[in-house]
Asker: 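Attaching a single structure in C-alpha cells format; questions to follow.
Chain letters run A, B, ... following the sequence lines, proteins first and then strands; every chain starts at 1. Values in this document were obtained by computation on a predicted structure and should not be read as measured data.
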Protein chains: 2
Amino acid sequence: MNKKVQSNSDETPYKWFWRALDDYLVKNSLKQTKQRKVIVQEFLAMNPHVDAEQLFERLRKMGYYFGLATVYRTLNLLKDANLVDQLAFSDGRSVFEVNTPDSHHDHLICTHCRKVVEFENEEIEKLQLKVAQHYGFSLESHRLDLFGRCPDCMPV
Amino acid sequence: MNKKVQSNSDETPYKWFWRALDDYLVKNSLKQTKQRKVIVQEFLAMNPHVDAEQLFERLRKMGYYFGLATVYRTLNLLKDANLVDQLAFSDGRSVFEVNTPDSHHDHLICTHCRKVVEFENEEIEKLQLKVAQHYGFSLESHRLDLFGRCPDCMPV
DNA sequence: ATCCATCTTCAAGTGAATTGCAAATAGAGT
DNA sequence: ACTCTATTTGCAATTCACTTGAAGATGGAT
C-alpha cells in the first residue's frame, strides 16, 4: 500500500522517460524536433492525467503555437513507444498518462468532489495476473477504478 | 457451435430488467414503444457486451429498420435508468452491458479482437475494500479492466 | 375519441481525433 | 558546412461515433 512517489524536484525527474523516448526515436529513424521536445516536456509537467486539448491550450498559453494535430501525433508517438497509456471515457474524451516501467493504473475516485488518488497494491496485481492466466489471457495492462467518498466528502 | 437462443417467449430470464425498465418509464412519464421493446429485447439477447452498431445491424437483419439514432437513444435511456453501463475504448468505440443489481465490473478485454470476459474474484474485492479504507474512502463501486491477448489471439 | 407530450425518423450537426499534402526541417552522408 | 531526402509540421479537410433538430407519428391519460 505504498504510494508511488515520483520526484518533484528540479533535477530532471523523468530521465528514464527521455532516454527511452530517445531510444525509440533512434531505433525507428524518427527525428528529434523542437515540437516534440516541448510537447513532451509540458506533457510531463502536467502529469498525471493529461487531456490532449488541455495540453494544446497550455502550450498555446506558453507561446508555442503548434498545431493540435502535432500534439495528437506526439501523444500517439509516445503511445507507440509504450511510454504512455490512453484512458478513454464514455463521453468520447480521453486522457493520457505516463506509463512507468512498473506501471500502475489504480485510482481512488471521489464520487463527490472527483478527487483522484493513485495507489498501488502488490497483492491485487498478483491476483490480476492469476485471473488472466486462468482465462488464458496474456496481461498487458490494467485499469482499476474504485469509486467512493473521500475523507473530506464523508457524509456526517 | 451452440448459439445461445433467446426466445421471444414469456420465460425470459430478464424479468427484473423489464420490470425495472417499466418502473423507470412510468416514473418519468416515458412511453413504451415497439422500437424500445424490440431494441431492448435484442440488446438482452446479445448480452453481455453490446456494440451499438452491431445491435443496429442485428435489428436490420431481423427486419427491424429502426434508425441508428433510436438505438442510441434507447441505450442512453437504459443508461439513465441505471440498467446498463457503458465501457469506452480508446479508439472511440464503446460497448454496453447489463448492470445487474449485484453487479461486478471486472473484465478481461482482448486488445486484439476486443472480446470481453467477465470475472469475479473475491480476494480482489476484499483487497479493494482494504485499500479504500486505508485512504479513508468509503467504497461505493469499482471497475477493473485487464487488457491482454485472449487465447485465440495469442501471437505465435 | 381527443389531446398533447413523448417518440421516431432522417438528415444535419458535433467534437475528438486522424489524414493528405505541400512546405519545412533534422540529421546522415559527403 | 552543404546537400539530400526521409521525416515532420501546419493547416484544412476528413473520419467516425454519437447527438440533436424538426416535423410528422404515436402512446396513453382523460
Asker: Output the residues of residues 67-82 of chain B in contact with DNA chain C, where contact means a heavy atom of the residue under 4.0 Å from an atom of the strand; sort by number or write none.
Answerer: B/Gly67, B/Ala69, B/Thr70, B/Arg73
Asker: Which protein N or O atoms sit under 3.5 Å from an N or O of nucleotides 25-30 of chain D?
Answerer:
{"from": "D/dG27", "atom 1": "N2", "to": "B/Lys31", "atom 2": "NZ", "distance (Å)": "2.8"}
{"from": "D/dG27", "atom 1": "N3", "to": "B/Lys31", "atom 2": "NZ", "distance (Å)": "2.8"}
{"from": "D/dG28", "atom 1": "OP1", "to": "B/Gln32", "atom 2": "N", "distance (Å)": "3.0"}

Asker: In residues 50-66 of chain A, what donor-acceptor pairs under 3.5 Å come from side-chain atoms, sequence neighbours left out?
Answerer:
{"from": "A/Asp51", "atom 1": "OD1", "to": "A/Glu53", "atom 2": "N", "distance (Å)": "2.7"}
{"from": "A/Asp51", "atom 1": "OD1", "to": "A/Gln54", "atom 2": "N", "distance (Å)": "3.3"}
{"from": "A/Asp51", "atom 1": "OD2", "to": "A/Arg93", "atom 2": "NE", "distance (Å)": "3.3"}
{"from": "A/Asp51", "atom 1": "OD2", "to": "A/Arg93", "atom 2": "NH2", "distance (Å)": "3.3"}
{"from": "A/Arg58", "atom 1": "NE", "to": "A/Glu42", "atom 2": "OE1", "distance (Å)": "2.8"}
{"from": "A/Arg58", "atom 1": "NH2", "to": "A/Glu42", "atom 2": "OE1", "distance (Å)": "2.9"}

Asker: Answer yes if the side chains of B/Asp145 and B/His105 hold a donor-acceptor pair under 3.5 Å, and no otherwise.
Answerer: no
Asker: With a 4.5 Å cut-off on side-chain heavy atoms, are B/Phe43 and B/Leu78 touching?
Answerer: yes
Asker: Is it the case that A/Ser94 and A/Gln86 place a side-chain donor and acceptor less than 3.5 Å from each other?
Answerer: yes
Asker: Would you say the side-chain atoms of B/Ser138 pair up with the backbone N or O of A/Arg149, donor to acceptor, closer than 3.5 Å?
Answerer: yes
Asker: When clusters are formed by joining ILVMFWY residues with side-chain heavy atoms under 4.5 Å apart, either directly or through shared neighbours, do A/Leu129 and B/Ile109 land in the same one?
Answerer: no
Asker: Grab the CZ-P distance between B/Phe96 and D/dC18 for me, whole Å please.
Answerer: 6 Å
Asker: So, OP1 or OP2 of D/dT7: does either fall under 4.0 Å of a side-chain N or O from A/Ser29?
Answerer: no
Asker: State which residues pass ring-ring contact (aromatic ring centres under 6.0 Å, His included) with A/His49; sequence neighbours excluded, sorted by chain then number.
Answerer: A/His107
Asker: Check residues 17-34 of chain A and write down every donor-acceptor pair under 3.5 Å in which the side-chain atom is one partner and the other belongs to a residue at least two apart or another chain.
Answerer:
{"from": "A/Asp22", "atom 1": "OD1", "to": "A/Gln32", "atom 2": "NE2", "distance (Å)": "3.3"}
{"from": "A/Thr33", "atom 1": "OG1", "to": "A/Arg36", "atom 2": "N", "distance (Å)": "3.1"}

Asker: Under a 4.5 Å side-chain heavy-atom rule over Ile, Leu, Val, Met, Phe, Trp and Tyr, are B/Phe147 and B/Val117 clustered together?
Answerer: no
Asker: Roughly how many Å is it from CG in A/Asn28 to P in D/dA6, rounded to a whole number?
Answerer: 17 Å
Asker: With a strict under 4.0 Å distance from non-hydrogen atoms of chain A, what nucleotide opens and what nucleotide closes the contacted stretch of DNA chain C, reading 5' to 3'?
Answerer: C/dA16 to C/dG27
Asker: Would you give the length of the straight line joining atom CG of A/Leu144 to atom CD of A/Gln128, rounded to the nearest 0.5 angstrom?
Answerer: 6.5 Å
Asker: Take the protein atom CG of B/Leu87 and the nucleotide atom P of D/dA17, then report the distance between them rounded to whole Å.
Answerer: 17 Å
